[in-house]
Amino acid sequence: MLKNKKTIALIIIIGAILIAGLVMTIVKGINYDLIYSKSTRIEIYIEPNFEMNDIKSIIESTFGNQKYIIQKVNMSEKMIGITLKEISEDQINSFVQKINEKYATELTADDIQIYQNSNIKIEDIVYQYILSIILSLIIILIYLILRFRKLGVWKVLLNTIASLILIQLLYISIYSITRLPINIITIPIALLIFVLNIFVLTLKFENKLLKKEFDK
Amino acid sequence: MANYLLGYMILKNFDNGKIKNILINFTIIMIPLIIISIVFTFGKTLNVSSLGMTTFWGITTLYIYNILFTKSILEIIKNKTERTDKINAKK
């Protein structure tokens, strides 16, 4: 009875998280990090040696509280690339002026290269992983069916697929509810969850098989 | 996590059989993980192949470490215990 109550409570919690995640995705959409969203990238060559912290403080004073990504671009480490969501012409002029004041250079706005990055959709991010996941999943499913056929082929197949889909949906829902931005670590974490999920499932099936053989 | 499981399996079943049998049982559980590591290693994108390679080398290191160290240590302990038991029996 107690076990049943716990199972029902678990199902209700999982269902609530999934529904909340779905509602959040429909209402607010997916929150992408700067690296995957529409942004502007500027690249600037600074001849004198510079400290990244100084550049960061200049960026913060020029572009306000905007989120930004700063990288050294080439091997000589004299060129820096800054990615921001939106940059106006005035901000670029102000940025150049501050760099000139700090490093006694004579840069102009024309010395800055500006690139417009288009946004990347979740399908495009997932697409590159899909082939490896499907291929490994097919091989694993064949292995699991052969190894645990005594537990019932359909039972093993459905349990595995349902568990994998449910856990991944939960992961996406949690991302959606907490409004965590989708960034470069989102998919590797999903892959890690996939690997752990398969591992735990195999352990569970192995224990069930042992129990069944022991009962016989 | 896999190493913890192997450690648990070794400690639980060490008296019942050889460590070789335990490692075979463990490998049967690990087969899906080995499949993932091999398939992902040959994945086209950097993230997938990195995860595959990390998993592959993780599994390899796990086996090498446990065969070299855990097995040897447990066998030394077992031999010592048997010797002590014999001496105590003689006394």
Side-chain angles (χ1 to χ4, degrees), chain A residues 35-36 120 123-151 156-157 159-161 163-164 182-210 213-214, chain B residues 1-67 70-71 74:
Chain A
I35 201 157
Y36 290 137
I120 300 167
E123 302 94 87
D124 301 328
I125 305 166
V126 173
Y127 180 75
Q128 47 189 328
Y129 300 91
I130 224 76
L131 184 70
S132 310
I133 292 171
I134 289 176
L135 192 63
S136 57
L137 195 59
I138 290 169
I139 302 170
I140 289 165
L141 282 176
I142 293 168
Y143 166 75
L144 289 179
I145 288 168
L146 291 174
R147 169 92 183 112
F148 304 110
R149 61 188 179 280
K150 283 178 188 170
L151 294 175
V156 171
L157 196 70
N159 257 345
T160 313
I161 293 170
S163 161
L164 286 170
I182 296 202
N183 52 23
I184 47 167
I185 62 159
T186 309
I187 303 292
I189 291 174
L191 289 177
L192 199 69
I193 292 170
F194 169 74
V195 173
L196 286 175
N197 199 353
I198 293 281
F199 184 63
V200 172
L201 272 173
T202 320
L203 265 179
K204 206 178 123 189
F205 287 142
E206 201 69 42
N207 284 339
K208 272 188 183 174
L209 192 69
L210 267 176
E213 280 171 1
F214 186 75
Chain B
M1 197 170 160
N3 194 37
Y4 175 77
L5 177 76
L6 179 59
Y8 176 76
M9 282 172 79
I10 290 172
L11 290 172
K12 201 180 174 189
N13 304 309
F14 190 64
D15 292 335
N16 302 335
K18 284 182 179 175
I19 201 158
K20 195 180 160 188
N21 296 337
I22 300 165
L23 279 172
I24 290 168
N25 285 337
F26 177 70
T27 309
I28 289 169
I29 297 169
M30 289 291 282
I31 283 174
L33 225 65
I34 296 167
I35 293 169
I36 289 174
S37 73
I38 293 168
V39 174
F40 278 26
T41 301
F42 293 104
K44 281 181 183 171
T45 53
L46 194 67
N47 289 345
V48 174
S49 57
S50 299
L51 182 72
M53 280 186 259
T54 314
T55 319
F56 179 80
W57 285 113
I59 295 167
T60 313
T61 318
L62 186 152
Y63 275 99
I64 293 171
Y65 171 78
N66 282 294
I67 290 168
T70 316
K71 188 186 166 193
L74 284 173

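Below, all heavy atoms of this structure are taken into account, side chains as well, without hydrogens, waters or symmetry copies. Numbers restart at 1 for each chain; the letters A, B, ... are given by sequence-line order, proteins then strands.
If you measure heavy-atom distances from A:Gln128 to chain B, the contacts under 4.5 Å come from both the backbone and the side chain. With a 4.5 angstrom heavy-atom cutoff, A:Ile133 touches chain B via backbone and side-chain atoms both. Both the backbone and the side chain of B:Ile28 come within contact range of chain A, with heavy atoms under 4.5 Å apart.
Minimum heavy-atom separation, A:Ile140 to B:Ile36: CD1-CG1, 3.3 Å. Contact record, A:Ser136 with B:Ile35: O-CG2, 4.1 Å, taken as the closest heavy-atom pair. Summarising the geometry of B:Gly43 relative to A:Ser132, their closest heavy-atom pair is CA-OG, 3.7 Å, with the distance given to 0.1 Å.
In terms of heavy-atom pairs under 4.5 angstrom with chain B, the leader among A:Ile187, A:Val195, A:Leu135, A:Leu144 is A:Val195. With chain A as the partner, the residue from B:Thr45, B:Asn25, B:Ile38 showing the most heavy-atom pairs under 4.5 Å is B:Thr45.
Near-neighbour residues of residues 51-61 of chain B relative to chain A, defined by a heavy atom under 4.5 Å from a heavy atom of that chain, comprise B:Leu51.
Note that CG of B:Leu33 and CD1 of A:Ile198 are 9.0 Å apart. Values are rounded to the nearest 0.5 Å. Considering CD1 of B:Ile29 and NZ of A:Lys204, their distance stands at 15.0 Å, rounded to 0.5 Å.
The shortest distance between side-chain heavy atoms of B:Pro32 and A:Phe199 does not fall below 4.5 Å. Between B:Phe40 and A:Tyr129 the shortest side-chain heavy-atom distance does not fall below 4.5 Å.
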